[in-house]
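Here's the structure, in structure tokens; my notes come after.
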2 protein chains.
Amino acid sequence: MAHQSFNMTLKQLAKELNLSFSTVSKALRDSHEISIETKNRVLAKAKALNYQVNPLASSLRKQKSKTIAVVIPEVVNDFFGPVINGIESIAQEKEYHVLIYLTHEDMQKEVAITKLLQNGRVDGIMMSLSEQTSITTHLEALQEKGIPLVFFDRIAEQMDAPKVTTDDYNCGIKATEHLLENGCKSIAFLTIAPNLSISNKRMNGYLDALKRHNIEPDERLILSCTGDDAKNNELIRQLLGNPNRPDGVFASVEKLAISTYAICAELNLNIPEDLKVICFSNMQTAAFLNPSLSTITQPAFEMGREAAAILFDLVEKKGKQPRVEKMVLNSVLVERNSSKATWEAPKNIKPQS
Amino acid sequence: MAHQSFNMTLKQLAKELNLSFSTVSKALRDSHEISIETKNRVLAKAKALNYQVNPLASSLRKQKSKTIAVVIPEVVNDFFGPVINGIESIAQEKEYHVLIYLTHEDMQKEVAITKLLQNGRVDGIMMSLSEQTSITTHLEALQEKGIPLVFFDRIAEQMDAPKVTTDDYNCGIKATEHLLENGCKSIAFLTIAPNLSISNKRMNGYLDALKRHNIEPDERLILSCTGDDAKNNELIRQLLGNPNRPDGVFASVEKLAISTYAICAELNLNIPEDLKVICFSNMQTAAFLNPSLSTITQPAFEMGREAAAILFDLVEKKGKQPRVEKMVLNSVLVERNSSKATWEAPKNIKPQS
DNA sequence: AGAAGCTCCTACAACGTTGTCGCAAATAAA
DNA sequence: TTTATTTGCGACAACGTTGTAGGAGCTTCT
């Protein structure tokens with residue numbers, strides 16, 4: 001049997017019905033110009049022959065693709081997964097399609113991807129920048145073509161486009177003060193991608209919290225990590241192996257906290273007795289880590305939903321002002337054992353082993 | 001300034017160059033019919049005016065969309081993230097685009113999605129079934145339209161399409177025997193979605209391992225869980241709260257192991273002393289859980305890559321036989337503390353506390 | 001009865017490409 | 001010089017839709 005039965009088209013359907021194909025087209029879209037009997041005939045036949053409109057032709061004609069692109073660095077952590085989920089949930093409601101592109105934190109790829117999105121493939125774009133992205137001409141090119149663009153999380157600060165973020169600066173303060181309140185005297189800040197807006201804001205929160213408590217920031221306590229995990233581990237090892245090591249670590253991304261856990265195991269440092277740890281993370285199992293990890297958790301799903309909602313708003317009344325220029329959602333600080341004050345510590349006090 | 005500068009088309013470009021648009025089209029695609037000088041002129045102008053071909057028009061004409069769809073249940077766990085990563089990495093190499101659709105484990109949505117993919121939107125489809133999916137007529141409809149379809153992980157056993165899986169049956173055996181070897185006498189099996197092929201195979205592995213060790217399977221030790229976490233917790237609580245509770249738990253999915261951890265904390269059961277736990281999981285932090293979690297880890301990224309490679313193969317020489325009918329990748333069992341034999345336990349032997 | 005207005009349908013020109021065909025002009029072969 | 005052949009370009013017809021314009025047949029109003 002023919003495994004390759006061909007696609008039904010409007011014309012073929014029309015021929016089957018002895019109608020002009022414009023009549024059939026209108027009947028399918030429930031136009032008032034067509035009699036009810038004809039509509040029913042057409043609908044029945046379309047169903048019988050399993051006719052589906054060709055989205056390419058339709059999009060070309062209507063100059064609308066009903067498709068958006070999501071451009072993100074990765075999908076391998078617990079943040080972008082829920083974000084995609086949020087985006088997709090709205091897209092499905094609005095009957096849009098979602099293209100996904102990963103930059104792998106590589107600006108060249110980001111640029112290449114934006115080129116692909118320039119000519120009608122999508123009606124709008126959602127972006128979270130790669131950690132390398134410094135210039136934004138490729139993004140401005142998209143705007144010049146009139147394609148709505150919404151940033152989330154890793155935004156391009158200087159661009160005139162809606163942005164959905166979390167309260168990174170505040171959380172930077174809160175996390176730092178949380179460690180201070182629990183007895184830390186010397187807090188290290190681990191970060192990646194210093195040119196990313198989120199990194200900056202989190203660090204500024206950290207610095208301002210220290211200032212507020214009259215603590216002089218120490219450059220040696222600020223670790224600028226990279227995509228190279230081995231190198232990061234080495235940096236952390238140096239930091240924590242040092243005799244006058246910090247007694248607290250505030251990691252701006254999850255993986256650096258995990259590295260910290262690993263290095264502590266290696267160096268026989270006890271969390272939280274010797275070192276308190278807190279980090280930005282959406283890990284679902286933070287509560288089950290050993291010790292359970294205190295986190296600042298971003299509302300990832302909601303970010304996806306909100307950003308997508310703004311984008312669809314923009315797409316649907318193109319040219320109008322966006323509904324929101326900047327939306328800031330609140331993350332929550334979840335205290336767990338990794339940052340617990342030591343005086344309310346384990347069952348029996350170990351002397352000096 | 002006009003924020004909405006219009007898209008450059010072939011015709012406009014041709015007018016600028018005083019050439020016919022077919023000439024320009026050919027020049028851009030480096031046709032031998034066009035002189036080198038003309039090509040250079042065209043290329044230069046195209047670059048200057050930032051011309052990009054309209055993919056909708058091009059796809060319509062060529063009857064190829066250069067796009068594939070990935071239809072999966074969720075993205076919120078550590079399995080589908082890496083899978084997407086693998087798929088996308090090949091797609092990027094081959095210059096394909098990736099549409100993503102989530103079924104949210106809902107068969108109705110799966111059916112609706114397949115409808116959308118019927119008419120030229122995509123050149124091929126990759127699927128992992130929803131846990132509800134029992135019938136496959138919607139998938140056969142796709143095949144009848146001649147759209148290549150590749151399954152991965154949660155496959156439709158009975159369908160004639162390439163399938164990429166892991167060695168679920170074997171791992172079911174290995175995990176069960178691992179628990180037996182570490183001293184378990186009574187092992188519970190926690191599963192979801194019994195009509196899913198993976199659940200079945202994992203369970204069969206479990207059952208056959210018991211048989212091999214002359215242990216009579218006990219129906220009360222096989223928990224068929226659902227999407228409702230509260231209910232699942234209740235089931236697990238009953239199982240573990242019972243005086244003659246099992247001394248081992250083999251969870252076929254990660255979340256059931258996490259629930260088990262939570263319930264053990266609640267019931268003051270010690271893992272692994274009172275209960276040994278192992279599960280299928282791609283969690284990156286399994287080693288840092290308390291206790292560290294023994295897992296069977298699937299090669300998710302590779303699965304994505306392999307499945308995508310097979311799909312592209314199929315797409316590019318449509319109608320031919322697929323390169324592979326069935327591909328089975330090996331998962332690895334990673335022993336950690338949650339399943340450690342109790343006799344080779346902590347540093348100093350605690351008597352009977 | 002004639003004008004005006006409905007109702008229901010068809011014809012046709014887009015949308016932006018690509019590929020086939022045809023045809024000049026230039027070159028090569030006879 | 002005549003006859004093939006090649007080189008370079010343009011005309012044109014698709015691809016499968018949608019929306020506008022038009023028109024035949026009927027009813028309704030003056």
Side-chain angles (χ1 to χ4, degrees), chain A residues 6-43 45-46 49-67 116-123 145-147, chain B residues 6-43 45-46 49-67 116-123 145-147:
Chain A
F6 270 83
N7 273 332
M8 184 59 37
T9 73
L10 208 48
K11 288 188 186 174
Q12 293 167 45
L13 190 59
K15 195 172 285 176
E16 294 274 342
L17 287 157
N18 273 323
L19 286 170
S20 79
F21 65 95
S22 23
T23 303
V24 176
S25 168
K26 286 178 212 174
L28 289 171
R29 273 163 304 111
D30 200 27
S31 160
H32 63 95
E33 292 180 40
I34 307 297
S35 72
I36 299 171
E37 302 86 57
T38 310
K39 279 183 195 169
N40 289 340
R41 266 186 70 213
V42 171
L43 254 34
K45 199 73 171 180
L49 299 180
N50 193 20
Y51 169 79
Q52 302 284 128
V53 312
N54 182 315
L56 262 33
S58 178
S59 294
L60 176 61
R61 176 61 227 257
K62 296 200 282 193
Q63 298 287 84
K64 291 224 148 290
S65 64
K66 281 285 220 171
T67 303
L116 298 173
L117 301 178
Q118 295 231 358
N119 217 325
R121 189 185 302 277
V122 295
D123 296 341
K145 295 264 181 173
I147 306 172
Chain B
F6 270 83
N7 273 333
M8 182 61 40
T9 73
L10 209 49
K11 288 189 186 174
Q12 292 167 45
L13 190 58
K15 194 171 283 175
E16 294 274 341
L17 287 157
N18 273 320
L19 287 170
S20 82
F21 66 95
S22 25
T23 303
V24 175
S25 169
K26 287 177 214 173
L28 289 171
R29 274 164 304 113
D30 201 27
S31 160
H32 63 94
E33 292 180 41
I34 307 297
S35 71
I36 298 170
E37 302 85 59
T38 310
K39 278 182 194 169
N40 288 339
R41 267 184 68 212
V42 171
L43 254 35
K45 199 72 170 183
L49 298 180
N50 191 20
Y51 168 79
Q52 305 282 128
V53 310
N54 182 314
L56 262 34
S58 178
S59 294
L60 176 60
R61 178 59 227 258
K62 296 199 282 194
Q63 297 288 82
K64 292 224 148 290
S65 65
K66 282 284 220 173
T67 303
L116 298 173
L117 301 178
Q118 295 232 357
N119 217 326
R121 190 185 299 277
V122 295
D123 296 341
K145 296 263 181 174
I147 306 172

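Small disclaimer: the values here were computed from a predicted structure and weren't measured. Within every chain, numbering begins at 1; the chains are lettered A, B, ... in the order of the sequence lines, protein sequences first and strands thereafter.
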_Classify A:Thr9 by what it touches in the nucleic acid, base, sugar-phosphate, or nothing, heavy-atom distance under 4.0 Å._
sugar-phosphate
Scan A:Leu56 against the nucleic acid and name what it touches under 4.0 Å (heavy atoms): base, sugar-phosphate only, or nothing.
-> nothing
- [ ] Give a yes or no on whether the backbone of B:Ser31 and the side-chain of B:Lys39 come within a donor-acceptor separation of less than 3.5 Å.
- [x] yes
Taken to the nearest whole Å, NZ/B:Lys11 to P/C:dC15 is 6 Å
- Task: Answer yes or no: side-chain N or O of B:Lys26 and base N or O of C:dT17 forming a donor-acceptor pair under 3.5 Å.
- Result: no
From CG of A:Leu60 across to P of C:dT17 the rounded distance in Å is 9 Å
| query | Do any side-chain nitrogens or oxygens of B:Tyr51 fall under 4.0 Å of OP1 or OP2 in C:dT17? | reply | yes
Taken to the nearest whole Å, CD/B:Gln118 to P/D:dG16 is 16 Å
Taking D:dT17, D:dC12, D:dG10 as options, the one with an atom nearest any side-chain atom of B:Phe21 is D:dC12
_C:dC9 phosphate, OP1 or OP2, under 4.0 Å from A:Ser35 side-chain N/O_ = yes
Is the shortest side-chain N/O distance from B:Arg29 to OP1 or OP2 of C:dG19 below 4.0 Å? yes
In this structure, CG of B:Leu19 is separated from CZ of B:Arg41 (nearest 0.5 Å) by 5.0 Å
5'-most contact on DNA chain D (nearest-nucleotide basis), B:Lys62 vs B:Thr38, goes to B:Thr38
Quick note, B:Val53 side chain, CB onward, closest among C:dT17, C:dC9, D:dT17 is C:dT17
Whole-Å distance, B:Leu28 CG to C:dT17 P, equals 9 Å
Taken to the nearest whole Å, CG/A:Leu17 to C1'/C:dT10 is 15 Å
B:Leu10 CG to D:dC12 C1', in whole Å, measures 14 Å
Check: Between A:Thr38 and A:Ser35, do the side chains contain an N or O donor and an N or O acceptor separated by less than 3.5 Å?
Finding: yes
Winner on side-chain proximity to A:Asn54, out of D:dG16, C:dT17, D:dG10, is D:dG16
task: Determine whether any donor atom in the side chain of A:Glu33 lies under 3.5 Å from an acceptor atom in the base of C:dC9, or the reverse, and answer yes or no.
output: yes
| request: Measure distances between side-chain N and O atoms of A:Ser22 and base N and O atoms of C:dA11, and say whether any donor-acceptor pair falls under 3.5 Å. | output: yes
Q.
Side chains of B:Thr23 and B:Ser20: any donor to acceptor distance under 3.5 Å?
A. yes
For B:Gln63 and D:dA14, is the shortest distance between a side-chain N/O and OP1 or OP2 below 4.0 Å? no
Taken to the nearest whole Å, CD1/A:Ile34 to P/D:dG19 is 13 Å
Nearest heavy-atom approach of A:Leu56 to B:Gly120 is CD2-O, 3.5 Å
Rounded to whole Å, the CG-P distance (A:Asn119 to C:dT17) equals 6 Å
N or O in side chain of B:Ser58 less than 4.0 angstrom from C:dT17 OP1/OP2:
no
Using a strict cut-off of less than 4.0 Å between a Lys/Arg side-chain nitrogen and an Asp/Glu carboxylate oxygen, indicate whether B:Lys66 and B:Asp123 qualify as a salt bridge. no
